[in-house]
Amino acid sequence: MSHKDLHKQLIFTTLTLNSSTIYSTENVKLAHSISNLNCSELVSSELGLINSSKTLIGSFPVYTSGAVTKTFLLLYFMKKTLNNPDGSSDLVTVVTLCHHDVNKTLVLSILKKIMDKYFEFRKDAAENADEQAASDHSARSKLGEFKMYMTQIIKFEEMQYDSNQRMYNYGATKSSDEDNDGGVITPNQLLLANEEVGEVRSLMLDNINKIMNRGDKISSLVDQTDRLTSSSSVFQRKAQAIRRKMWFSNAKFIIVCVCMLILVLYFFIGFECGFPFFGHCIRH
């Protein structure tokens, strides 16, 4: 395998669903040209970090062996959320391993096309789910088709690299995109902008839902406050009515007790001094 091929071809590409590998393709000749390189193990060791990060598109150097420095190989990744018909969602991640000199726009273009193709593939599979369920053999063969699509995308883009190299390098070289002072929007920047817009849209929708939920909670809190205020007013009126009623009852009780005491004294004095006006005591 020539050194030139290493600089324009992908070594290993895998597509994962919720951190589980479902499709992988490897350029065996390139992989074997690098000593002590285990592509699947290398990608698996970094997949958890990739999926836990908030970055949707990125790349970073990887360690392989003492013969390969950390800047020799790069891992590129692209993530996207797949919404299922049942309301659930899956995290789709496409990861590729390649030499650090491979054109960045070429790699991201391949990842984008694989991602788009997989979403289209899943949509078609969902629409034809009933027909596939009728034949187990047809369902199994359908699941194996995408690996062929993924390999075709990679091979086609690699074959077209020489003829598209001017477009890939237009306004962006192998150096970072920040070095582009000419104001040219590169395909790489378009890819990043597309994904960032999707992420911002999702965040905005999430924030809108939170604000709407917060508004519902505030409205509910206001209604509860109004009900508590009304209940408090009713309770206050009832308490005042009960207090007045108890005051009248206490007053009646005291008056009755005083009358009873006066009556008892009248009878007691009457027995001693004579009824009705205590005549004996007065004359004496």
Side-chain angles (χ1 to χ4, degrees), residues 5-31 39-40 42-44 46-51 53 55-60 62 73-84 89-100 102-128 141-165 167-168 172 186-199 202:
D5 292 332
L6 184 63
H7 289 185
K8 67 176 184 179
Q9 294 184 6
L10 307 186
I11 301 173
F12 180 81
T13 306
T14 182
L15 186 144
T16 67
L17 188 69
N18 299 326
S19 299
S20 299
T21 302
I22 52 177
Y23 303 108
S24 295
T25 180
E26 182 180 37
N27 189 320
V28 179
K29 292 183 178 180
L30 281 183
C39 298
S40 59
L42 181 62
V43 172
S44 298
E46 302 291 348
L47 188 60
L49 179 63
I50 292 173
N51 287 340
S53 68
T55 307
L56 298 180
I57 302 176
S59 64
F60 55 90
V62 294
L73 298 180
L74 288 178
L75 267 183
Y76 287 86
F77 65 88
M78 182 176 293
K79 300 187 298 184
K80 196 171 184 179
T81 302
L82 174 64
N83 296 319
N84 299 316
S89 60
D90 296 319
L91 178 63
V92 181
T93 307
V94 184
V95 184
T96 191
L97 178 68
C98 62
H99 191 273
H100 78 287
V102 174
N103 186 281
K104 183 177 182 180
T105 305
L106 169 66
V107 178
L108 293 178
S109 177
I110 291 175
L111 295 183
K112 185 71 167 60
K113 290 182 179 181
I114 291 176
M115 183 72 76
D116 292 342
K117 185 62 178 180
Y118 182 70
F119 272 65
E120 179 185 345
F121 177 78
R122 283 289 295 267
K123 181 180 179 181
D124 294 341
E127 293 175 352
N128 301 326
S141 62
K142 186 68 176 177
L143 290 175
E145 287 182 11
F146 187 77
K147 183 175 181 179
M148 179 181 65
Y149 295 149
M150 187 165 67
T151 303
Q152 289 175 349
I153 291 172
I154 296 172
K155 294 298 182 184
F156 179 79
E157 293 297 318
E158 290 174 346
M159 289 175 59
Q160 296 296 314
Y161 173 72
D162 291 332
S163 58
N164 295 334
Q165 189 172 4
M167 181 189 71
Y168 287 144
T186 67
N188 179 29
Q189 292 170 332
L190 288 175
L191 287 169
L192 293 174
N194 182 42
E195 295 300 330
E196 288 172 358
V197 167
E199 183 181 18
S202 299

- pair Leu73-Ile11: side-chain heavy atoms closer than 4.5 Å: yes
- Message: Nearest 0.5 Å, please: how far is CD1 in Ile57 from CE in Met78?
- Response: 4.0 Å
- Task: Assess whether atom CZ of Phe156 is packed by more than 12 heavy atoms of other residues, nucleotides or ligands within 6.0 Å.
- Result: no
- Message: Nearest 0.5 angstrom please: Ile153 CD1 to Thr25 OG1, how far?
- Response: 11.0 Å
- Query: Should the pair Phe77 and Phe60 be assigned to parallel (<30°), tilted (30 to 60°) or perpendicular (>60°) ring geometry?
  - Reply: tilted
- Tell me, please, which residues at least two apart from Lys155 pass side chain to side chain contact (heavy atoms under 4.5 Å, CB included). Asn27, Thr151, Glu158
- Would you call the rings of Tyr118 and Phe146 parallel, tilted or perpendicular if under 30° counts as parallel and over 60° as perpendicular? perpendicular
- Message: Restricting to ring-ring contact (aromatic ring centres under 6.0 Å, His included), what partner residues turn up for Tyr76, sequence neighbours left out?
- Response: none
- Among all residues two or more places apart in sequence or in another chain, which pass the side-chain hydrogen bond (donor to acceptor under 3.5 Å, both in side chains) test with Ser59? none
- Sequence neighbours excluded, the answer for side-chain hydrogen bond (donor to acceptor under 3.5 Å, both in side chains) partners of Ser44 is none
- Query: Where do Thr93 and Val95 land on the side-chain contact (heavy atoms from CB on, under 4.5 Å) test, with the steps shown first?
  - Reply: CA-CA 6 Å; Thr93 307; Val95 184; 3.7 Å; yes
- Leu10 side, atom CG; Leu30 side, atom CG - distance, nearest 0.5 Å: 9.0 Å
- Item | Minimal non-hydrogen separation, Ser19 against Leu47, with atom names | O-CD2, 3.5 Å
- Task: Measure from the side-chain N and O atoms of Lys79 to the backbone N and O of Thr55, and report whether any donor-acceptor pair falls under 3.5 Å.
- Result: yes
- Item | With sequence neighbours excluded, residues passing side-chain hydrogen bond (donor to acceptor under 3.5 Å, both in side chains) with Asp90 | Asn18, Asn84
- Name all residues meeting the side-chain hydrogen bond (donor to acceptor under 3.5 Å, both in side chains) criterion together with Ser24; count only those two or more places apart in sequence or in a different chain, and write none if there are none. Thr14
- Query: For the side-chain contact (heavy atoms from CB on, under 4.5 Å) test, which of Ile22, Leu111, Thr21 pairs with Leu15?
  - Reply: Ile22
- Task: Please round to the nearest 0.5 Å and tell me the distance separating atom CG of Leu82 and atom CZ of Arg122.
- Result: 4.5 Å
- Query: Can you tell me how far the CG atom of Leu97 sits from the OG atom of Ser40, to the nearest 0.5 Å?
  - Reply: 11.0 Å
- What is the distance from atom NZ of Lys113 to atom CD1 of Ile154, rounded to the nearest 0.5 Å? 12.0 Å
- Message: I'd like to check Thr96 versus Ile110 (side-chain heavy atoms, cut-off strictly below 4.5 Å). Are they in contact?
- Response: no
